[in-house]
Amino acid sequence: MSGENGQDERDPDAPGTGGQEGEQLALIRETVRKTRAKPRTWRGAALAGELPVARVLVDKGLVHLDQYFDYAVPAAMDAEAQPGVRVRVRFGARVVKGRREGGTLHDGFIVERRVDSDFHGPLAPLAQVLSEERVLGPALLALCRQVADRYAGSLADVVQLAVPPRMARAERDPSPAPLPDPPPPAPGSWERYATGPAYLAALARGDTPRAVWLALPGPHWPHELAVAMATALAGGRGALAVLPDGRAAARVDQALTELLGEGRHVLLTADAGPEERYRRWLAVSRGAVKAVVGTRAAMFAPVADLGLVALWDDGDSSHAEQHAPQPHARDVLLLRSREERTAFLLGGVTSTVEGAQLVDSGWALPLAASRAAVREAAPLIRTVSDADQARDEAARAARLPSLAWQVTREALTRGPVLVQVPRRGYLPRLACDRCRTPARCAACAGPLELKDQAGTPACGWCGRPAADWHCDECGGVRLRARVVGARRTAEELGRVFPSVPVRTSGRDTVLASVGDAPALVVATPGAEPVADGPGYAAALLLDGWALLNRPDLRAGEEALRRWALAAALVRPAGQHGTVVVLAEPTLRPVQALVRWDPAGHALRELAERAELRFPPVARMASVTGSPAAIADVMDTVRLPPGADLLGPVPVAGHDAAGGGRRERGDRGERGEPWERLLIRVPPGAGAALAAALKQVRVARAARGAAEPALIRMDPLDIG
DNA sequence: AGCACGCCGACT
DNA sequence: GTCGGCGTGCTC
């Protein structure tokens with residue numbers, strides 16, 4: 001076609017037109033469109049002989065289009081321009097009178113070296129090979145591809161999560177020589193689980209056992225996780241464990257060091273700092289170290305010969321990545337387990353519905369202890385119902401019912417007492433004292449807050465004071481603190497037990513552990529310190545109703561998880577370990593805690609989700625944006641069969657005018673409140689939904705859609 | 001996403 | 001006649 005000829009005429013390197021700087025190049029253009037082009041370059045440097053084309057994932061730029069771009073490999077870069085290395089390329093240039101102009105340097109990764117390109121046009125040369133380190137190897141690339149597809153996201157976004165930024169200094173140093181495989185560890189406390197030794201034996205054999213492991217309460221799980229990892233190492237394979245936070249990771253790290261010594265594993269957490277972290281990551285990428293313990297970013301760690309992936313406490317929300325496309329560690333590790341043919345271990349003190357589903361579908365086996373072993377390890381759980389509390393005179397005077405006082409007083413003679421309070425802060429939110437309906441602003445329906453001890457309650461959104469508040473539901477006029485924060489609880493307790501030290505652990509100061517001496521330890525969920533020695537003598541779980549009343553699909557599961565994690569730090573009932581939970585004993589999660597039956601709870605939740613066609617039995621995606629944006633998405637999308645739509649409903653706190661930095665929009669759509677639409681598809685159609693939504697994203701990005709829309713697979717916060 | 005080319009209204 | 005609006009399309 002003439003178009004191609006026209007391009008040839010402008011091509012300075014095309015045969016006959018003479019190259020730049022007089023360099024002669026063997027750059028023969030294809031003559032028929034069907035045949036692939038031999039690479040031609042614009043500048044005319046000599047090309048690499050064998051595989052002169054590098055397929056490059058350009059880091060920024062057309063991230064939404066999610067495609068590779070081919071570049072010519074100059075002969076001088078032939079050796080170092082290997083697949084997986086970081087490169088710098090010129091991108092976005094324009095042809096002006098036979099010359100390329102403009103274009104900015106972008107970082108990228110070579111994903112493949114090729115004989116030729118299917119791009120009809122002259123290739124720009126690689127500008128620079130930044131480093132010979134092959135950080136995006138084939139296995140990691142394939143994983144990123146799969147994660148991107150699963151979450152309807154772009155490859156570049158996922159790669160950015162998976163490959164840490166380069167730190168030249170860390171790259172210069174060689175990694176330590178790999179150590180020989182360690183001997184297999186003794187099963188130890190794994191014997192407490194009926195199928196524990198069998199699981200380890202399968203792991204040692206090189207099989208790929210998959211289990212959902214309900215860990216017994218108590219301090220043994222980090223060691224047990226380490227034993228599983230060491231067993232994989234002993235069999236000549238690698239192991240990866242992902243934990244919800246740095247403290248948990250540090251415990252497993254310590255257990256692994258005790259088991260294997262230094263040098264056979266690395267700890268990948270943010271605490272180490274970027275350079276040290278990259279140094280450790282490189283040791284993994286280079287195959288010098290085959291075991292990784294870390295927080296969620298470690299889920300991508302390119303462990304060689306991966307034999308086991310493990311995830312602890314998958315219900316913890318920090319396992320969901322914050323950056324696009326928000327992959328969840330459980331999903332990423334499930335993908336890895338399948339693709340890299342590894343064993344899988346999903347552990348926790350409780351089970352998520354997703355975990356229960358893995359067992360229910362037969363994909364994983366349950367790894368649990370007998371009822372007798374549970375009874376031996378679990379503390380005694382006692383409940384305080386609302387009725388108990390109301391009858392209790394002490395509840396009027398102070399914050400704690402008399403049972404809690406009795407238990408605390410007695411337990412403090414034997415050791416530390418844990419007090420779990422749902423939120424930090426000082427009387428943050430208010431509710432009707434009579435019916436417990438959350439108190440809302442009469443003007444804007446925002447939540448009422450108490451800024452200081454004595455002040456008037458005011459709206460947390462518009463700031464209006466609410467001096468003459470009354471409850472819309474029951475007409476009550478008294479407010480009560482929906483959640484009493486850690487600080488106030490600590491103050492009250494300190495006054496009642498003046499001789500006992502009070503320690504707090506919350507978001508700003510999280511204690512890893514406390515001693516075994518009597519003390520009151522006030523902590524928010526997830527920040528509970530481990531008590532040395534036999535554990536806490538007792539725990540008080542306060543404001544259970546606040547935890548359970550959250551308008552969230554997972555409220556029950558989450559309440560049980562938080563209670564059980566705290567209760568698991570308490571001594572067994574046989575050693576008088578007692579937990580007092582302020583919640584209705586008739587509620588399902590409370591019963592599950594009392595009986596210590598997290599598996600049963602998760603199975604019942606799973607059945608209910610199946611009945612209601614909720615995730616994870618069905619798969620969902622959310623589309624958030626202005627009504628126009630949502631309509632545009634829905635006009636574009638080709639949904640898989642069986643899909644149905646829920647909503648749209650207004651999204652709290654987000655609207656087009658207020659929310660953020662929206663520059664344009666003088667077209668009258670300003671002020672339109674944002675809405676969220678949920679798309680639900682039947683089991684098995686999740687991949688099709690993701691693919692459909694990805695197409696929408698690409699189409700909208702290409703068209704330069706005016707109204708932004710957030711598309712998200714498997715949103716966590718479904719009300 | 002940027003960034004340039006392209007085809008229709010009010011200015012020196 | 002020209003400067004400039006942002007609609008459309010491309011980037012290896």
Side-chain angles (χ1 to χ4, degrees), chain A residues 1 3-4 6-8 10-14 20 25 27 29-30 33 35-45 47-48 51-74 77 81 83 85-129 153-157 159-160 323-325 625 629 632 660-667 694 696-711:
Chain A
M1 254 287 299
E4 264 181 48
Q7 257 183 344
D8 276 344
R10 293 197 309 257
D11 180 354
D13 297 324
Q20 213 61 27
L25 293 169
L27 302 169
R29 188 78 166 98
E30 89 285 4
R33 196 181 218 150
T35 55
R36 287 179 159 185
K38 282 269 172 66
R40 300 164 303 137
T41 73
W42 281 94
R43 275 288 139 147
L47 289 190
L51 299 166
V53 175
R55 188 148 281 184
V56 173
L57 170 69
V58 180
D59 212 11
K60 297 266 154 50
L62 300 322
V63 283
H64 297 289
L65 295 190
D66 210 1
Q67 63 189 38
Y68 297 131
F69 292 90
D70 288 343
Y71 285 82
V73 181
M77 298 181 192
V85 303
R86 297 182 217 255
V87 290
R88 194 161 276 169
V89 294
R90 204 163 279 285
F91 186 81
R94 210 120 261 291
V95 178
V96 179
K97 289 202 294 189
R99 294 179 84 96
R100 288 171 67 80
E101 283 181 5
T104 44
L105 285 175
H106 287 262
D107 287 345
F109 300 88
I110 296 182
V111 295
E112 192 187 351
R113 284 286 297 270
R114 301 171 55 96
V115 189
D116 53 21
S117 169
D118 44 20
F119 176 64
H120 294 278
L123 300 183
L126 296 173
Q128 191 189 353
V129 175
S154 76
L155 178 63
D157 280 348
V159 166
Q160 199 157 25
H323 300 104
D632 179 48
R661 49 218 118 90
R662 297 204 351 133
E663 302 85 358
R664 55 188 128 144
D666 351 342
R667 293 268 164 79
K694 184 155 188 169
V696 173
R697 255 152 92 136
V698 170
R700 278 172 53 86
R703 145 159 52 103
E707 295 274 305
L710 278 104
I711 295 172

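Order of the sequence lines fixes the chain letters, A, B, ..., with proteins taken first and strands second; residue numbering starts at 1 for each chain.
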In whole angstrom, give the distance that lies between atom [atom1] of [X] and atom [atom2] of [N].
X	N	atom1	atom2	value
A:Arg697	B:dA1	CZ	P	11 Å
A:Gln67	C:dT11	CD	P	10 Å
A:Arg90	B:dC3	CZ	P	13 Å
A:Asp59	B:dA1	CG	P	16 Å
A:His120	C:dT11	NE2	P	12 Å
A:His106	B:dA1	NE2	C1'	9 Å
A:Arg700	B:dA1	CZ	C1'	14 Å
A:Phe69	B:dA1	CZ	C1'	12 Å

[X] side chain, from C-beta outward: closest of [options]:
X	options	result
A:Leu123	C:dC12, B:dA4, B:dA1	C:dC12
A:Arg94	C:dC12, C:dC10, B:dA1	C:dC10
A:Phe119	C:dC10, C:dC12, B:dA1	C:dC12
A:Ala124	B:dA1, C:dC12, B:dA4	C:dC12

Spatial distance of atom CZ (A:Phe109) from atom CG (A:Leu155) [nearest 0.5 Å]: 9.5 Å
Under 4.0 angstrom, heavy atoms only, what part of the nucleic acid is A:Arg55 near: base, sugar-phosphate, or nothing? nothing
Could you tell me whether A:Asp66 and A:Lys694 make a salt bridge, using a distance below 4.0 angstrom between a side-chain N and a carboxylate O? yes
For A:Asp70, check salt bridge (Lys or Arg N to Asp or Glu O under 4.0 Å) against everything at least two apart and list the hits. A:Arg55
Using the test salt bridge (Lys or Arg N to Asp or Glu O under 4.0 Å), find all partners of A:Arg88 that sit at least two apart in sequence or belong to another chain. A:Asp107
